[in-house]
Amino acid sequence: MTRGALDEPDLLLNKAYVAGRWIAGDGAPIAVDDPFTLAQFGEIPDVGATGTQAAIDAAEAAFPEWARRPVKERCAILRRWSELILRHKEDLARIITRENGKALKEARAEVDYGNGFIEFYAEYSAHDLGEIIPAPVPGRRLLVEKEPVGVCVAITPWNFPLAMLTRKVGPALAAGCTMVAKPAELTPLTALAFAKLGEEAGVPKGVFSVVTGHSKAIGGAMTASEVVRKLSFTGSTPVGAMLAEACAPTIKRLSLELGGNAPLLVFDDADLDTAIETAMIAKFRNAGQSCVAANRIYVQKGIEDRFLKALAAKIGAMKAGDGLDEANDVGPLIDERAIKKVDEHREDALSHGGELLAGGASPGGRLAQPTLVGHVAPDALLTREETFGPLAGVIGFATVEDGVRLANDTPFGLAAYLCSEDPKTIARVGRDLESGIVGINTGLISTPTAPFGGVKMSGLGREGSHHGLAEYQNLKYLCHAGI
Ligand code: ADP
């Protein structure tokens, strides 16, 4: 049997989905590689600015009718889409693992998590209400209606090829917007399979398109367009800043979910088992390739030795290898650069007083060993840059104030975690952390029903929950007089 063969081979596509048609590009196709075998796994067309413009035109044409449809009808289509995603869960998971590398169990979890956004907005959106504001003078009625923003574009990263897309598509389509999405060049095949299921679910032509190819030309066409009213981007802070600048002349609405550099604070009064479980999930989910990954683990002196010993045992038991092999916890990383970064951060941590307590050098190919370095100095590279790999660096601290100061010493503020059993410490630290999300005694924070997003240079806006729907709505205030 072919490696990772699909039950439904038609879900593996080599065309882009533009205006309800599957199209090839003008230029040379772009190869999609399997990060474990390093061999080509699929290919995508480069639709360029022309294909992107065609998708935007189709989204513009489809918008008035889609926006006018009763929200219940839009939700019914999303519900069918969600059913199809779950029906094809195993195939979608295989595609995710083959193009992204992540362990199959994590890919399955991503399908469930990603589907959660389609499901949530299919259920929630029909119950979303407008407002009537008490009139300031007699004879008036003040209404607030919610309108779809219009044609939206999405640019998504490679680390969660399905979920980073569904958290944009779900609320956009439910709100009555139309959307053109550009997945990462490294992982476009999941997005195309998702589009194919959308077509089958009855998403009308032009309401949702997936354009593939080189990011500059596609991003340029998206940001320059006067028709496009909103950009939702998940990716690095420099690219986010550049896109925001490109959107400024046309005053597009923006949602930016950018870099993280999350801290985890473990206080002396933490429950050890809870702290270890929190660290394992917060650090190693998706092999550490997540913007909410605990990048800096700060542990108070009184619990440090016990914490390091228990964490070393857990990390030492993890298996890295082929993501398709059910036995493995960690698949290959996305590319050469990712391995180099992990190696660089490990060596730098070791040269900053660090002690290797589990794992070690990368064994070759795109694999990185789950690794623990203890007693790292607070100025090591891994405290400043996102490692985006399975390397945990632990830094000791003395007082609660020291811990909070170290945690906040970053221009980023997406997620932060703390472990403590003392309600006062939890309340104080929870209040003082400069972060959009705080995990308290848990590393598992993301869910479609809660608002996900950052402060400081981690971004703008929220995804998930009713706040995520509001990102795709304009408020219209209607002032009735003489009634
Ligand atoms: P990462 O570090 O996760 O690769 P990037 O910000 O480079 O983060 O990429 C996230 C997404 O942004 C990907 O879909 C990528 O193709 C896209 N991207 C990168 N550069 C540009 C650009 N200049 N214009 C538009 N999209 C871009």
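The chain is numbered in sequence order, starting from 1. All ligand and atom numbering here is 1-based and tracks the order in the structure.
- Checked by distance only, ligand 1 and Lys182 come closer than 3.5 Å through their nitrogen or oxygen atoms.
- For atom 9 (O) of ligand 1, no protein non-hydrogen atom is found at a distance below 4.0 Å.
- The shell of residues lying under 4.0 angstrom from ligand 1, judged by heavy atoms, excludes Met222.
- Less than 4.0 angstrom separates some heavy atom of Glu185 from each of these atoms of ligand 1: 15 (C), 16 (O).
- For the pair Ser290 and Phe160, the minimum side-chain heavy-atom distance is below 4.5 Å.
- Interface of Met242 with ligand 1, defined as ligand atoms under 4.0 Å from a residue heavy atom, comprises 22 (C), 23 (N), 24 (N).
- Checked against a 3.5 angstrom limit, the closest N/O atoms of Trp158 and ligand 1 fall inside it.
- At a 4.0 Å heavy-atom cut-off, ligand 1 does not touch Asn159 at all.
- The protein non-hydrogen atom at the shortest distance from atom 12 (O) of ligand 1 is Phe233 CE1, 3.2 Å.
- The aromatic ring centres of Phe208 and Phe194 sit less than 6.0 Å apart.
- With salt bridges taken as basic N to acidic carboxylate O contacts below 4.0 Å, none links Arg384 and Asp379.
- Considering only non-hydrogen protein atoms, atom 5 (P) of ligand 1 sits nearest to Ser236 OG, 3.6 Å.
- Among protein heavy atoms, the minimum distance from atom 24 (N) of ligand 1 is reached at Ser215 O, 3.5 Å.
- Here the side chains of Leu192 and Ile44 are in contact, with some heavy-atom distance below 4.5 Å.
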After noting the C-alpha distance and the side-chain angles of Lys182 and Thr156, does the key distance pass the side chain to side chain donor-acceptor pair (under 3.5 Å) rule? CA-CA 6 Å; Lys182 189 207 85 67; Thr156 56; over 6 Å; no

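- The distance criterion of under 3.5 Å between nitrogen or oxygen atoms is not met by Thr234 with respect to ligand 1.
- For atom 17 (C) of ligand 1, the nearest non-hydrogen atom of the protein is Ile155 CG2, 3.6 Å.
- With Phe452 as the aromatic partner, Arg462 does not meet the cation-pi criteria of under 6.0 angstrom to the ring centre and within 45 degrees of the ring axis.
- Checked options Thr166, Leu86, Leu78, Ile85; the residue passing with Glu119 is Leu86 (criterion: side-chain contact (heavy atoms from CB on, under 4.5 Å)).
- Of all protein heavy atoms, the one closest to atom 14 (O) of ligand 1 is Thr156 O, 2.6 Å.
- The ligand atoms of ligand 1 that sit less than 4.0 angstrom from a heavy atom of Gly219 are 25 (C).
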Arg94 and Asp7: salt bridge (Lys or Arg N to Asp or Glu O under 4.0 Å), yes or no, with the steps? CA-CA 10 Å; Arg94 287 177 189 135; Asp7 296 332; 3.6 Å; yes

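- Cation-pi check for Arg79 over Phe120 is not met; the charged atom does not lie both under 6.0 angstrom from the ring centroid and within 45 degrees of its normal.
- At a 4.0 Å cut-off, not a single heavy atom of Phe388 sits close enough to ligand 1 to count as contact.
- A cation-pi arrangement is not found for Lys341 relative to Phe388, the charged atom failing to lie both closer than 6.0 Å to the ring centre and inside a 45° cone about the ring normal.
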